[in-house]
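Report on one structure; see the data block that follows.
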Amino acid sequence: MTIVEQGGGAAPQVPDLIKDTTTQTFVKDVIEESKRQPVLIDFWAPWCGPCKQLTPILEKAVKAAKGKVKLVKMNIDEHPAIPGQMGIQSIPAVIAFVGGRPADGFMGAVPESQITAFIEKLTKGVPGAGEPDIAEIIKEAEAVLAEGDAAGAAEIYAEVLAIDATNIVAIAGLAKCQVELGAIEDAKQTLAMVPEAKRNDSAVSAVQVAIDLAEQAQSLGPIGELEQKVAANPLDHQARFDLATALNAAGKRKEATDQLLDIIKRDRKWNEDGARKQLVQFFEAWGGADEATIEGRKRLSTILFS
C-alpha cells in the first residue's frame, strides 16, 4: 500500500488491516508485524470452496476488531514454500502469530461466532497481545527513519494513526517522512490533521519548518547552476545561501551547513544575520539529536565565540 504519492497531493492514508502476502514478504508481513500486534495468516487457494466461505467472514471479524489484529492472506498455489514448511496439509487453515511465533490456529470454514471468539481470546488472553504499545511502535518508526528509510518509517507511523488518529507525534512523524520523500503537498495535508491547540508542539513546528524550507528550495534553480554561481563569485552570498537551501532539500546536510557557515565567517551581518538564522532553522527541522545538528552547532559556536 502506498502511504504517500510523490507529488500527488493525496491525502494521508492508513495501512490496511487486510493484505495479501508472498513468500518474499512473509517475514515482514507476518513475523515482524506480529511483534507489534497479533496477525492471522489465512492459507487459501482459488479452487477451495470452503476458503471462499471463510475469507469474507474472517475479513468482517478482523475489521470489527478495529485494529487489534491484522489479517494476511497467502495463496498456497502461488506460494507453496511457507505452508509446506509449516506443515499445512489442508485448507482453509488460519494460524495466529504473536510475538513473531505461531500462537494458535484452526482449520476449516468455521462460523463467524467462533472466529470472533478466537480473536477475542487471542487479543485478551495471550500475554502481550492486547492493545499495541504505541510508544514502542513510535520508537521503531524513529529508528527506521534515522536509518534513512523514510518510506518504511511512514508505514509504521501510519499504523499508529490507524489506532489513534489524533497522535501528534505520529502525525508529525508521518509528515516528516513525506517531506523527506519529496511529497510536500502530502506533508501539508498530514500536518493539517493537527488541532489548532497543538500547533505549537515542538515536533509539529519542526516539521512545519522543514516544509517551509522545502518550499523555499522549490523556487531555486538546480544545485549545479548554484554551485557554478558560487564558484564564479565566492562573495555572492545570496547564491551561496540559495545553494545551502537547495542542498538541504536534497538531504545533503553537512554540505548545506558548510555553505552557511562560510557566509557567517565572511560576513556575519549579511542580510540581517540571515545565514545564521537559516542554519538555526535547519537545526530545528533536523531535530536536536541529529548528528548534523550536533556537529553544526559545535562549528557555529566555534565561529561565533572565537
Side-chain angles (χ1 to χ4, degrees), residues 1-3 11-22 25-44 51 53-74 82 86 88 92-144 152-174 177 190 193:
M1 140 146 217
T2 301
I3 299 297
Q13 300 291 310
V14 295
D16 294 331
L17 295 174
I18 301 165
K19 69 189 299 185
D20 294 296
T21 193
T22 67
T25 60
F26 178 82
V27 171
K28 176 186 176 186
D29 293 340
V30 179
I31 306 297
E32 295 302 324
E33 185 62 32
S34 74
K35 294 177 182 178
R36 292 193 284 270
Q37 64 190 113
V39 175
L40 305 182
I41 174 76
D42 174 22
F43 295 105
W44 69 284
C51 296
Q53 297 174 11
L54 177 66
T55 298
I57 301 174
L58 264 177
E59 292 181 349
K60 180 181 177 183
V62 167
K63 290 176 181 177
K66 297 181 180 179
K68 291 184 180 180
V69 65
K70 288 189 173 183
L71 173 64
V72 176
K73 299 180 286 185
M74 175 172 274
I82 298 296
M86 294 183 63
I88 302 298
V94 176
I95 307 296
F97 277 73
V98 177
R101 297 181 179 182
D104 204 347
F106 61 85
M107 303 286 180
V110 301
E112 182 176 349
S113 59
Q114 187 172 329
I115 294 173
T116 300
F118 178 82
I119 291 175
E120 288 179 354
K121 176 187 174 184
L122 187 68
T123 56
K124 293 180 181 178
V126 179
E131 291 293 338
D133 189 333
I134 290 179
E136 286 300 316
I137 300 175
I138 287 176
K139 282 184 182 179
E140 180 182 355
E142 291 171 345
V144 170
E155 290 187 6
I156 300 172
Y157 280 123
E159 288 180 11
V160 175
L161 294 177
I163 301 167
D164 178 9
T166 64
N167 189 289
I168 300 301
V169 176
I171 293 172
L174 177 57
C177 293
T190 298
M193 296 165 59

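For reference, positions follow the sequence shown, starting with 1. Every heavy atom of this structure was used, including side-chain atoms; hydrogens, water molecules and symmetry mates were not.
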Response to the item:
Between A153 and V144 the two heavy atoms that sit nearest each other are N-CG1, 3.5 Å
Worksheet entry | Steps toward side-chain contact (heavy atoms from CB on, under 4.5 Å) verdict (I88, I95) | CA-CA 10 Å; I88 302 298; I95 307 296; 4.3 Å; yes
Discussion item. Does anything in residues 164-173 form a salt bridge (Lys or Arg N to Asp or Glu O under 4.0 Å)? List the pairs, not counting sequence neighbours.
Written reply: none
Worksheet item: Where do R36 and I137 come nearest, in terms of heavy atoms and distance?
Response: CD-CG1, 3.8 Å
Fill in: Distance-minimising heavy-atom pair for I171 and A165
CD1-O, 3.7 Å
Discussion item. Would you compute the distance between atom CG of L174 and atom CD of E155 and round it to the nearest 0.5 angstrom?
Written reply: 10.5 Å
Worksheet item: Sequence neighbours excluded, which residues qualify as side-chain contact (heavy atoms from CB on, under 4.5 Å) partners of E59?
Response: I18, T55, L71, K73
Fill in: From CA spacing to verdict: side-chain contact (heavy atoms from CB on, under 4.5 Å), L54, F106
CA-CA 12 Å; L54 177 66; F106 61 85; 4.3 Å; yes
Worksheet item: Mind checking whether I41 and T21 have side chains closer than 4.5 Å, heavy atoms only?
Response: yes
Worksheet item: Looking at K35 and E140, does any basic side-chain N land under 4.0 Å from a carboxylate oxygen?
Response: no
Item to complete: I would like to know whether L40 and I119 meet side-chain contact (heavy atoms from CB on, under 4.5 Å); could you show each step before the answer?
Response: CA-CA 9 Å; L40 305 182; I119 291 175; 4.2 Å; yes
Worksheet item: Just by modelled atom types, is the K28 backbone N or O under 3.5 Å from a matching donor or acceptor in the T25 side chain?
Response: no
Item to complete: Using a strict 4.0 Å threshold on nitrogen-to-oxygen distance, state whether E33 and K19 make a salt bridge.
Response: no
Worksheet entry | Least distance between heavy atoms, C177 atom then A154 atom | SG-N, 3.6 Å
Worksheet entry | Non-neighbouring partners of E142 that pass salt bridge (charged side-chain N to carboxylate O under 4.0 Å, His left out), sequence neighbours left out | none
Item to complete: Just jot down the salt bridge (charged side-chain N to carboxylate O under 4.0 Å, His left out) partners of K63, sequence neighbours excluded, or say none.
Response: none
Worksheet item: Which pair of non-hydrogen atoms, one from P38 and one from L122, has the smallest distance, and what is that distance?
Response: CB-CD2, 3.6 Å
Discussion item. For residues 109-119, which residue pairs pass the salt bridge (Lys or Arg N to Asp or Glu O under 4.0 Å) check, not counting sequence neighbours?
Written reply: K60-E112
Worksheet item: Who are the side-chain hydrogen bond (donor to acceptor under 3.5 Å, both in side chains) partners of N167, not counting sequence neighbours?
Response: none
Item to complete: Taking all non-hydrogen atoms of both residues into account, name the closest pair between G100 and S34 and its distance.
Response: N-OG, 2.8 Å
Worksheet entry | Rounded distance (nearest 0.5 Å) linking atom NZ of K68 with atom CG of L17 | 13.0 Å
Discussion item. Assess the residue pair E32 and V27 against the criterion (side-chain contact (heavy atoms from CB on, under 4.5 Å)); give the C-alpha distance rounded to whole Å, side-chain angles, the decisive distance to 0.1 Å, and a yes or no.
Written reply: CA-CA 6 Å; E32 295 302 324; V27 171; 4.2 Å; yes
Worksheet entry | Pairwise distance CZ(F97) to CG(D29) - rounded to 0.5 angstrom | 12.0 Å
